[in-house]
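So the structure is just underneath, and the comments pick up after that.
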Amino acid sequence: MMAKESRSGSAAPLVFSLTGLILAVPALLLPLISAGKFGDERVSLLFTGVAYLWENGMRLLACLVLLCGAVLPVALLATVAILHAPDRIRWHISNMRFLSHAARIMERWAFPEVQVLAVLVALMKMGSVVDVSIGPGFWCYCGMALSLVLAQRSFDYDPYIPLASPSAARIAAPT
Amino acid sequence: MNRYFPAVRLRSNSVASALAVAAAIMLVPANLLPVLDTETSGRNRSDTIFSGAVELWHHGLWVLALIVFTASILIPVFKLAGLGWLLVSAKRGGHADSRRLTRLYAALDFIGRWSMLDVFLATFLAGLVQFGELSTVEPRSGIVAFAAAVVLTVLATQAFDPRILWPDHGHTPSHASPR
């Protein structure tokens with residue numbers, strides 16, 4: 001089972017997750033959207049909305065958005081990359097099981113594709129109110145979200161999780 | 001039959017039920033309280049989730065209105081109804097529809113995340129549209145209640161153990177056995 005390859009090949013999850021991690025850097029740092037009205041221009045990074053919520057007292061909501069939209073997707077990409085790293089740099093098998101469990105949990109709370117849809121909806125909604133333009137950070141974020149989806153689809157959790165565990169049964173549920 | 005499973009069934013059912021009820025309660029303020037206040041050129045407007053979708057519809061953005069309505073109203077309701085059905089089925093112990101119910105569980109597990117759309121949308125708009133007196137967007141308490149409802153439904157789905165839907169709990173569906 002450990003040697004089992006995914007549909008896209010054994011290196012696919014590693015490639016997709018590393019691609020996602022590389023794209024995550026500009027996605028987090030570059031402007032997502034620029035909006036202007038009567039000469040006044042505002043640039044929105046991924047964290048702009050989160051910072052606004054935090055400053056206005058909605059701190060739990062800010063943490064939730066930050067976790068689901070940025071922290072967990074990046075952490076999940078890193079976890080998948082570690083799980084598929086070459087043998088010589090991988091951890092002990094017990095840690096791998098822990099990481100696999102962690103990846104399974106993170107997968108349920110990492111929603112970058114929903115964030116992408118939300119930004120697209122916001123773009124169309126704001127179009128009539130302000131002048132909007134898409135920044136490079138948004139394309140990088142889309143690429144990161146796509147890489148994460150592809151990494152998840154080609155990632156085989158099973159080798160690291162004992163079959164008797166509840167997580168294994170959940171994973172085995174048909175989709 | 002695994003002796004472990006009666007306890008799992010009880011715990012899984014009770015925790016999932018409690019979380020689902022809490023989510024249903026949170027959906028009430030989430031849908032009644034305003035989620036966004038918008039001020040454009042001196043005109044104030046306060047929107048609930050439903051009125052926001054209706055406004056999009058009136059502006060001719062039908063696709064967006066349908067997306068927002070589906071993600072923010074239909075999916076949470078469908079998810080809670082589906083979860084309720086799963087819990088009742090598990091309690092009755094009828095396993096005739098195990099395969100179908102497990103598929104329903106997988107579907108509920110998948111669609112739940114899309115309810116976060118409105119939360120991300122409100123956060124994004126609030127961060128970007130701050131043009132002083134020209135145009136501002138402010139998130140309101142309804143969005144906090146809605147986010148809580150979404151989190152609770154996701155937790156309820158996670159707490160539910162789909163194995164209790166099967167007659168022999170130790171076995172998973174043959175076609176879905178580990179690859």
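Fair warning: this is a prediction, and the values are worked out from it, not measured in the lab. Order of the sequence lines sets the chain letters (A, B, ...), proteins ahead of strands, with each chain counted from 1. These values consider heavy atoms only, across backbone and side chains, with no hydrogens, waters or symmetry-generated copies.
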| Can you tell me how far CZ of Phe124(B) sits from CD1 of Ile33(A), rounded to the nearest 0.5 angstrom? | 4.5 Å

| request: With a 4.5 angstrom heavy-atom cut-off, could you sort out which part of Ile67(B) is near chain A: side chain, backbone, both or neither? | output: side chain

| field | Check: Leu155(B) main-chain N/O paired with Arg108(A) side-chain donor or acceptor under 3.5 Å | value | no

| field | Portion of Met124(A) that has a non-hydrogen atom of chain B nearer than 4.5 angstrom | value | both

| task | Can you tell which part of Glu55(A) gets under 4.5 Å to a heavy atom of chain B, answering side chain, backbone, both or neither? | result | neither

| message | I need the Tyr52(A) OH to Glu138(B) CD distance, nearest 0.5 Å. | response | 3.0 Å

| query | If two hydrophobic side chains count as joined below 4.5 Å and joins carry through other members, does Phe110(B) share a cluster with Leu72(A)? | reply | yes

| note | Counting heavy-atom pairs under 4.5 angstrom with chain B, the leader among Val121(A), Thr48(A), Val43(A), Val119(A) is Val121(A)

| query | Of the backbone (N, CA, C, O) and the side chain (C-beta and beyond), which part of Leu64(B) lies under 4.5 Å from a heavy atom of chain A, both, or neither? | reply | side chain

| remark: OG1 of Thr123(B) to CD of Gln115(A), rounded to nearest 0.5 Å, is 8.0 Å

| query | Quick one: does Leu117(A)'s side chain get under 4.5 Å of Trp114(B)'s, heavy atoms only? | reply | yes

| said: Between Ala110(A) and chain B, with a heavy-atom cut-off of 4.5 Å, which part of the residue counts as in contact: side chain, backbone, both or neither? | reply: backbone

| request: Measure the spacing between CZ of Phe120(B) and CG of Leu64(A) and express it to the nearest 0.5 Å. | output: 7.0 Å

| field | Single-linkage hydrophobic cluster, 4.5 Å side-chain cutoff, Val35(B) and Val54(B) together | value | yes

| note | If you tally heavy-atom pairs under 4.5 Å between each of Thr38(B), Val68(B), Leu125(B) and chain A, the highest tally belongs to Leu125(B)

| said: Tell me whether Leu46(A) shares a hydrophobic cluster with Trp54(A), the cluster being built from Ile, Leu, Val, Met, Phe, Trp, Tyr side chains joined at under 4.5 Å. | reply: no

| field | Inter-residue atom distance Lys125(A).NZ - Leu61(B).CG, 0.5 Å rounding | value | 9.5 Å

| query | About how many Å separate CD1 of Ile105(A) and CD of Gln158(B), when rounded to the nearest 0.5 Å? | reply | 7.5 Å

| message | Which heavy atom of Gln130(B) sits nearest to which heavy atom of Arg42(A), and what is that distance? | response | O-CD, 3.2 Å

| Pick from Leu56(B), Val151(B), Val119(B): which one has the most heavy-atom pairs with chain A under 4.5 Å? | Val151(B)

| request: Measure Leu61(A) against the heavy atoms of chain B and call it side chain, backbone, both or neither at under 4.5 Å. | output: side chain

| request: Answer with yes or no whether the hydrophobic clustering places Val71(A) together with Val80(A); edges join I, L, V, M, F, W, Y residues whose side-chain heavy atoms lie under 4.5 Å apart. | output: yes

| request: Can you see which heavy atom on Met126(A) is nearest to which on Leu128(B), and at what distance? | output: CE-CD2, 3.2 Å

| Linking I/L/V/M/F/W/Y whenever any side-chain heavy atoms sit under 4.5 Å apart, do Val149(A) and Met144(A) land together? | no

| Considering only heavy atoms, which portion of Asp118(B) lies under 4.5 Å from any heavy atom of chain A: side chain, backbone, both, or neither? | neither

| note | When the 4.5 angstrom heavy-atom criterion is applied to Val137(B) and chain A, the contacting part is backbone

